[in-house]
Amino acid sequence: GQGGMGEVYLAEDARLRRKVAIKLLPAAFSVDQERLRRFKLEAQAASALNHPNIVTIHEIGHIAGTHYIVTEYVEGETLREHIRRGKLSFAEAFEIARQVASALEAAHAAGIVHRDIKPENVMLRRDGLVKVLDFGLAKLAPTTESDKLTLPELTKTGVVMGTVNYMSPEQVRGEKVDQRTDIFSLGVVLYEMVTVQRPFQG
């Protein structure tokens, strides 16, 4: 797959004999310090979380000038692919939303705001387990006074990041966001699951 923050490949961990996903930051972006910091932030943010509904980070590094993150391979389909087959039953939509909310609760408790909750970033495993992917836009929110002095400000006020159809109003305006922006986005996803359309078409 491919997105704004890199390309993702299916690979094999030859030592542990398991499938993994490798996310590469495009070479052209490696000279962009802002993108590079955000790429590293994804690994730091996600690896700080240990939760069954959040993708597991195995390794971060760089080789021959290419930066990468190795994560668990989640076999299944994205929520987007699932929605394309038709609206979900209330029970199914509720269960998916419950698991995503559980992942966000853990992230928020650790001071992490995802900022890009959308069907493409939610994977459904065949056994029913839901995984939240892609912390590429994640923001470490200060939780203490010392954090306010030490956490890097990776996104400046006035810079809009995310996927517009799922953004909270403050995110669209480029204002500072907190955990509530993820809750808003999850509400949009839940609406789409049960109606097969987005609440905001503009």
Side-chain angles (χ1 to χ4, degrees), residues 1-25 39 41-61 68-110 112-138 162-163 165-166 179 181-198:
Q2 185 173 15
M5 289 301 296
E7 299 174 335
V8 184
Y9 296 87
L10 174 62
E12 181 182 2
D13 181 338
R15 287 176 297 179
L16 297 179
R17 296 176 181 266
R18 62 182 175 180
K19 292 180 180 179
V20 295
I22 299 180
K23 182 171 186 177
L24 304 179
L25 186 67
F39 183 74
L41 178 63
E42 173 180 357
Q44 293 168 356
S47 64
L49 303 170
N50 182 13
H51 191 278
N53 297 121
I54 296 176
V55 68
T56 301
I57 299 289
H58 294 316
E59 183 181 350
I60 179 174
Y68 65 87
I69 297 176
V70 182
T71 72
E72 68 173 306
Y73 169 60
V74 182
E75 194 165 0
E77 64 178 354
T78 65
L79 179 56
R80 169 67 64 219
E81 294 167 327
H82 196 61
I83 291 173
R84 284 190 181 127
R85 295 205 302 271
K87 67 180 182 180
L88 287 62
S89 69
F90 178 79
E92 186 180 13
F94 177 84
E95 178 56 23
I96 292 169
R98 184 193 67 77
Q99 292 190 53
V100 174
S102 182
L104 291 176
E105 181 180 35
H108 295 167
I112 297 168
V113 182
H114 188 283
R115 296 200 299 179
D116 200 21
I117 294 298
K118 58 184 178 181
E120 289 81 358
N121 284 338
V122 176
M123 283 291 295
L124 311 178
R125 287 195 341 190
R126 291 185 175 90
D127 63 0
L129 188 66
V130 174
K131 291 273 188 176
V132 176
L133 312 178
D134 202 350
F135 278 72
L137 296 182
T163 304
N165 297 101
Y166 301 91
Q179 290 85 346
T181 199
D182 287 344
I183 297 170
F184 183 96
S185 299
L186 177 56
V188 175
V189 171
L190 179 57
Y191 183 98
E192 188 172 358
M193 281 194 286
V194 297
T195 67
V196 198
Q197 63 181 0
R198 297 169 182 154

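As a basis for the values below, the full set of heavy atoms in this structure was taken, side chains included, without hydrogen atoms, waters or symmetry mates.
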| message | Just so I know, are the side chains of P119 and T78 near enough to count as touching, which here means a heavy-atom distance under 4.5 Å? | response | no

| note | dist L129:CG -> E95:CD (nearest 0.5 Å) comes out at 9.5 Å

| note | One should read off an interatomic distance between D134 CG and N121 CG, to the nearest 0.5 angstrom, of 4.5 Å

| task | Work out which heavy atom in E192 is nearest to a heavy atom in Y166; give both atom names and the distance. | result | OE1-OH, 2.6 Å

| field | Contact check, side chains of L79 and I83, non-hydrogen atoms, under 4.5 Å | value | yes

| field | Under 3.5 Å: donor-acceptor pair, side chain of H108, backbone of H114 | value | no

| task | Would you confirm whether D13, through its side chain, and K19, through its main-chain N or O, come within 3.5 Å as a donor-acceptor pair? | result | no

| task | List the atom of V188, the atom of N165, and the distance in Å for their closest heavy-atom pair. | result | CG1-O, 3.7 Å

| Does a side-chain heavy-atom distance below 4.5 Å link H82 with V122? | no

| query | If you round to the nearest 0.5 Å, how far is CG of L88 from CE of M193? | reply | 6.5 Å

| request: Identify the heavy atoms of V8 and A21 that sit nearest to each other, and give their distance. | output: CG1-CB, 4.1 Å

| request: Could you tell me which non-hydrogen atom of R198 sits nearest to which non-hydrogen atom of R80, and how far apart they are? | output: NH2-NH2, 3.5 Å

| task | Output yes when R84 and E77 qualify as a salt bridge under the 4.0 Å nitrogen-oxygen rule, no when they do not. | result | no

| Can you check whether T195 reaches K87 side chain to side chain, under 4.5 Å on heavy atoms? | no

| said: Counting neighbours of CZ on R17 that are heavy atoms of other residues, nucleotides or ligands and sit closer than 6.0 Å, is the number greater than 12? | reply: no

| query | Could you give the distance from CG (L133) to NZ (K118), rounded to the nearest 0.5 Å? | reply | 11.0 Å

| field | Min side-chain heavy-atom separation E59-V20 under 4.5 Å | value | no

| field | Side-chain heavy atoms of E75 within contact of R125, under 4.5 Å | value | no

| task | Write down the atom of A11, the atom of I22, and the distance for their closest heavy-atom approach. | result | CB-CD1, 3.6 Å

| said: Could you check whether Y73 and R18, counting side-chain N and O atoms only, form a donor-acceptor pair closer than 3.5 Å? | reply: no

| said: For D127, is the CG atom crowded, meaning more than 12 foreign heavy atoms sit under 6.0 Å from it? | reply: yes

| Between CG of N53 and NZ of K131, what distance do you get to the nearest 0.5 Å? | 7.0 Å

| note | Closest heavy-atom pair, A110 versus L49, reported as atoms and distance to 0.1 Å, is CB-CD2, 3.6 Å

| query | Looking at side-chain heavy atoms only, is the closest gap between V100 and V189 below 4.5 Å? | reply | no

| Are the side chains of L104 and I183 in touch, meaning some heavy atoms are under 4.5 Å apart? | no

| remark: So CD of E105 and CG of D182: to nearest 0.5 Å the spacing works out to 12.5 Å

